[in-house]
Every structure is written in C-alpha cells, then in structure tokens.
K.L.:
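Right, I'll just put the structure down here and ask away after.
For the numbers below, each heavy atom of this structure counts, side chains included, while hydrogens, waters and symmetry mates do not.
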Amino acid sequence: MDLVGVFLWIYGIAKTINDCGFWQVIVFVPLWIYFGTFGGFPSLIGIAKTRKTFTNSELIYSIGFQIALIFVLFILLNAFGMKSLFGFFVIGGLIQGLFMPSSSLMQERLEFNKNRNPYPWEKKNPWNEMTTQIKDENKKSETLNVDLLREKFKDDGKKLVEKLKEVKESGMTPEEAGAVMDEFIKPKTFYTVIGDLRQKHNWASQQSNELLIREEEEKEGKAFTSEEKLNLEKRKDAAWKVFIDAQTHCDTFFNNHSDVREWVITKSWVDAGFTEEQLQLGNPDALDRLRNKDGWQRVAWTFHVAELVEKKNGPDSCTKQLLFETWAQINSMDYLQEFFGGMSEEDINHWKLL
C-alpha cells in the first residue's frame with residue numbers, strides 16, 4: 001500500500017469512528033478493502049486508463065458492472081447506518097484510481113486478455129478460425145475455415161474476371177492492359193502484402209538453391225546440359241525480379257519504411273534454419289536496425305495496429321488507409337509506453353528474432 005493508500009485508510013477509520021462509532025470500523029475495513037481499492041470508483045478510473053484494451057461490448061459491460069457495485073456500496077452503507085461515509089468512498093476511490101500506475105494496469109489487462117475466455121455475447125471472429133503462414137509470424141494457431149476461404153477466393157475470382165472484361169473492352173494496347181492488370185492483382189491488405197512477400201522470397205531462394213545444387217552435381221560429373229542450366233538461370237532471375245517487385249510494393253504499402261519487409265524476410269531465414277552467423281553475414285544492417293535501434297518496435301506496433309483493424313472490420317480488411325488511420329488514432333506516448341511496457345521478454349525476443 002502506498003502513502004496515499006495509508007493516509008486514506010487512516011482517515012477513513014478516523015471518520016468512521018467519529019461519524020458512526022467505534023464498532024462500525026469492523027464494517028468499514030472490509031468495505032474499504034474492496035470498494036476503496038478494487039470495485040467501484042477505483043476500477044472506473046482503471047478502466048478509463050486502459051480503455052484501449054477493451055472491446056466495445058466489454059467496455060460497456062465493465063463500466064455497467066462497476067456502476068452496479070457503486071449502488072451495492074450505497075445500499076450496504078445505508079443498511080449499516082454509515083450513509084455519511086459514501087462521499088468519502090467516492091473521493092477516496094477516485095484518488096486511489098488516479099494514483100494507480102497506468103503501466104501496471106495495462107500490463108495486467110494485457111495478461112488478462114491473453115488468458116480470458118470469450119464472454120457469452122461475443123461472436124466468434126472468423127479470422128480467429130483461419131490459419132495462414134504469415135499469421136504464424138504473430139504466434140497464432142487457429143483452425144482453417146475452408147468455407148470462409150472458398151467465399152473469399154470466389155469473390156476475388158469474380159472481381160478478376162470483371163476487371164479482365166473491362167480491360168479487354170477498353171481498347172488498351174497489350175502493354176497498357178498488362179500494366180493495369182499487374183496493378184490490379186497486387187495485394188492490397190496487410191497480411192496479403194507480407195504473405196505475398198514471404199512467398200516470393202521463399203520461391204526465389206528455392207530457385208537459387210536449385211541452381212547451386214545442379215552446379216555442384218555438375219562438378220561431380222553428373223549430366224547437366226547448357227539448355228537445362230539456361231532454363232534454371234532464367235527461372236531464378238525471373239523469381240528474383242518478382243521478389244524485388246514484391247519488396248518495392250511492400251515498402252510502398254508501409255510508406256517506404258523497410259522494417260516490416262526486413263523482419264518478414266529475416267524471419268523466413270530463421271525458420272529455414274539459418275544460424276546467427278549466417279544471418280549476420282547475409283544482412284547485418286537489417287539485424288542491427290531490428291535489434292539495436294527501433295526497428296523491432298515498429299514491426300511489433302504495425303502488427304498490433306493491423307490486428308486492431310481486423311478485429312474491428314473483419315478478416316482481410318486492413319488496407320493501407322485503415323492501417324494508418326488507426327495508427328494515427330491510437331498513436332500517443334501513453335499508449336506506446338503501455339503497449340511496450342506490457343511486453344514479456346519472450347515477446348520482445350520474438351520481434352527481435354532472437
């Protein structure tokens with residue numbers, strides 16, 4: 001208990017004795033332990049400080065529950081002839097709430113959110129039933145919703161057919177039509193952008209590895225025609241060109257900040273089993289930016305904002321516009337301190353790729 005709490009405790013006991021009599025202290029003590037520290041007014045202040053960690057329905061429920069507790073307190077004080085102490089509980093509870101450290105409250109809330117069961121009124125979020133390779137980067141493990149994916153692909157296919165028809169009827173040259181279609185099929189949402197990036201990086205790496213393996217086999221005397229080698233080189237070059245385009249698109253999506261791109265690529269190397277020394281040799285600047293500067297924080301924050309967008313708007317809804325609109329809405333020093341202050345060492349190591 002801090003000094004403020006001790007002072008309120010002593011003052012409350014003295015006021016109880018003065019207003020209601022010595023024996024009423026027996027009633028005051030348990031009431032103050034709960035309503036002066038946890039329930040009612042202190043909790044309302046705590047909810048206000050951590051409101052960004054609540055869903056809309058949970059926020060309404062929590063505020064309503066605390067208001068109900070205040071009515072319970074009022075009834076109990078009246079029942080024990082201690083009505084005059086209600087004002088003390090109001091002021092004392094608000095003071096207790098104001099002096100509670102925001103960082104500790106936020107950490108408790110984040111830990112609670114990790115472990116809590118869904119409330120009865122909460123609808124199941126279909127995104128929580130999906131599992132994709134890139135969602136695993138944020139340590140999620142849900143069940144694939146085949147029906148949801150089928151509907152999404154059907155909708156995307158319909159849009160593609162309509163766009164092809166529009167381009168065909170427009171009278172564009174093949175080059176112009178190709179450019180329009182290339183732009184149309186580029187991923188437009190957070191998880192599709194970084195998922196596309198990782199997929200194309202893995203494909204390009206695979207083509208390079210295949211060429212290296214064939215060249216080693218050639219050194220060992222295995223047949224390897226010039227035509228086969230040429231085809232492999234062409235396929236490798238094409239894969240890396242596509243990957244470079246995906247990198248450019250990814251950076252554009254994140255307003256030319258490279259942290260998310262570098263994290264996704266480096267994470268793919270880590271998952272492939274590359275050692276720390278190999279990572280350092282491959283791209284030491286990227287690791288330095290992620291680990292020793294603020295790169296990992298920007299990556300963690302970006303994933304957090306994207307999750308908030310999809311929690312509010314549904315699966316595959318985090319467009320560039322919504323990402324940065326939400327970013328601006330919650331971007332404050334208090335929120336940032338609470339977000340990063342609530343991270344465990346395991347979380348930090350995940351984003352630092354340690």
K.L.:
Verify the cluster assignment for I13 and V90: are they in a single hydrophobic cluster under the rule of side-chain heavy atoms below 4.5 Å apart?
P.N.:
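Yes, one cluster joins them.
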K.L.:
Does L76 reach the side chain of F35, with side-chain heavy atoms less than 4.5 Å apart?
P.N.:
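Yes - at least one pair of side-chain heavy atoms lies under 4.5 Å apart.
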K.L.:
Do F71 and F74 belong to the same hydrophobic cluster, where Ile, Leu, Val, Met, Phe, Trp and Tyr are linked whenever their side-chain heavy atoms lie under 4.5 Å apart, directly or via other members?
P.N.:
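F71 clusters together with F74.
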K.L.:
Any side-chain donor-acceptor pair under 3.5 Å between D347 and S344?
P.N.:
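Side-chain D/A pair, D347 to S344: present.
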K.L.:
Starting at CG of L69, measure out to CG of L44 and round the result to the nearest 0.5 Å.
P.N.:
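Nearest 0.5 Å value for the CG-CG distance: 9.0 Å.
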K.L.:
Should W240 and R235 be marked as a side chain to side chain contact (heavy atoms under 4.5 Å, CB included) after you check the CA-CA gap, both sets of side-chain angles, and the distance that decides it?
P.N.:
CA-CA 9 Å; W240 280 103; R235 197 162 66 184; over 6 Å; no
K.L.:
Could you grab the distance from atom CD of E262 to atom CG of L197, nearest 0.5 Å is fine?
P.N.:
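Interatomic distance, E262 CD to L197 CG, rounded to 0.5 Å: 11.0 Å.
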K.L.:
Does the side chain of T248 come within less than 4.5 Å of D251's, by heavy atoms?
P.N.:
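SC-SC contact between D251 and T248 ruled out.
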K.L.:
Run the numbers on D334 and F339 for side chain to side chain contact (heavy atoms under 4.5 Å, CB included), then give the verdict.
P.N.:
CA-CA 8 Å; D334 286 343; F339 173 70; over 6 Å; no
K.L.:
What is the distance from atom CZ of R298 to atom CZ of F254, rounded to the nearest 0.5 Å?
P.N.:
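R298 CZ to F254 CZ: 9.5 Å, rounded to 0.5 Å.
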K.L.:
With heavy-atom distances below 4.5 Å as the criterion, would you say the side chains of K267 and R198 are in contact?
P.N.:
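A side-chain contact under 4.5 Å exists here.
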K.L.:
Does a sphere of radius 6.0 Å around OH in Y34 hold more than 12 heavy atoms from other residues, nucleotides or ligands, not counting ones at 6.0 Å or beyond?
P.N.:
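Atom OH in Y34 is packed in, count exceeds 12.
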K.L.:
So, the side chain of H249 versus the backbone of V193: is there a donor-acceptor pair under 3.5 Å, distance only?
P.N.:
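Flag not set: sc H249 to bb V193 has no pair under 3.5 Å.
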K.L.:
Hey, can you tell me if Y11 and F88 have their rings parallel, tilted or perpendicular (30° and 60° cut-offs)?
P.N.:
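Tilted, since the angle between the ring planes falls between 30° and 60°.
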K.L.:
Would you please say whether a donor-acceptor pair under 3.5 Å links the side chains of Q321 and E325?
P.N.:
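Distance-only check passes for Q321 and E325.
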K.L.:
Have W327 and T302 got a donor and an acceptor in their side chains that come within less than 3.5 Å?
P.N.:
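No, no side-chain donor-acceptor pair sits under 3.5 Å.
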K.L.:
Using only heavy-atom distances, determine whether the side chains of D316 and T189 contain a donor-acceptor pair under 3.5 Å.
P.N.:
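Checked: D316/T189 side chains pair up, N/O donor to acceptor below 3.5 Å.
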K.L.:
Would you give the length of the straight line joining atom CZ of R289 to atom OG of S258, rounded to the nearest 0.5 angstrom?
P.N.:
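Rounded to the nearest 0.5 Å, the CZ-OG separation comes out at 5.0 Å.
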K.L.:
Just jot down the salt bridge (Lys or Arg N to Asp or Glu O under 4.0 Å) partners of D245, sequence neighbours excluded, or say none.
P.N.:
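Testing D245 for salt bridge (Lys or Arg N to Asp or Glu O under 4.0 Å), a comparison that skips the adjacent residues, returns K241.
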K.L.:
Go through the steps for F303 and F190 under the test ring-ring contact (aromatic ring centres under 6.0 Å, His included), then give the verdict.
P.N.:
CA-CA 9 Å; F303 271 83; F190 178 85; 5.1 Å; yes
K.L.:
Going through the distances and angles, do W351 and W301 end up as a side chain to side chain contact (heavy atoms under 4.5 Å, CB included)?
P.N.:
CA-CA 10 Å; W351 297 113; W301 176 254; over 6 Å; no
K.L.:
What donor-acceptor contacts under 3.5 angstrom involve side-chain atoms of residues 17-31, with partners at least two apart or in another chain?
P.N.:
| residue | atom | partner | partner atom | Å |
| --- | --- | --- | --- | --- |
| D19 | OD2 | K15 | NZ | 2.9 |
| Q24 | NE2 | F80 | O | 2.5 |

K.L.:
Applying side chain to side chain contact (heavy atoms under 4.5 Å, CB included), run through Y191 and E307 and close with a yes or a no.
P.N.:
CA-CA 10 Å; Y191 284 108; E307 285 188 345; 3.7 Å; yes
K.L.:
Would you check if there is a donor-acceptor pair between the side chains of S205 and S208 at a distance under 3.5 Å?
P.N.:
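Looking only at side-chain atoms, S205 and S208 do not form any donor-acceptor pair under 3.5 Å.
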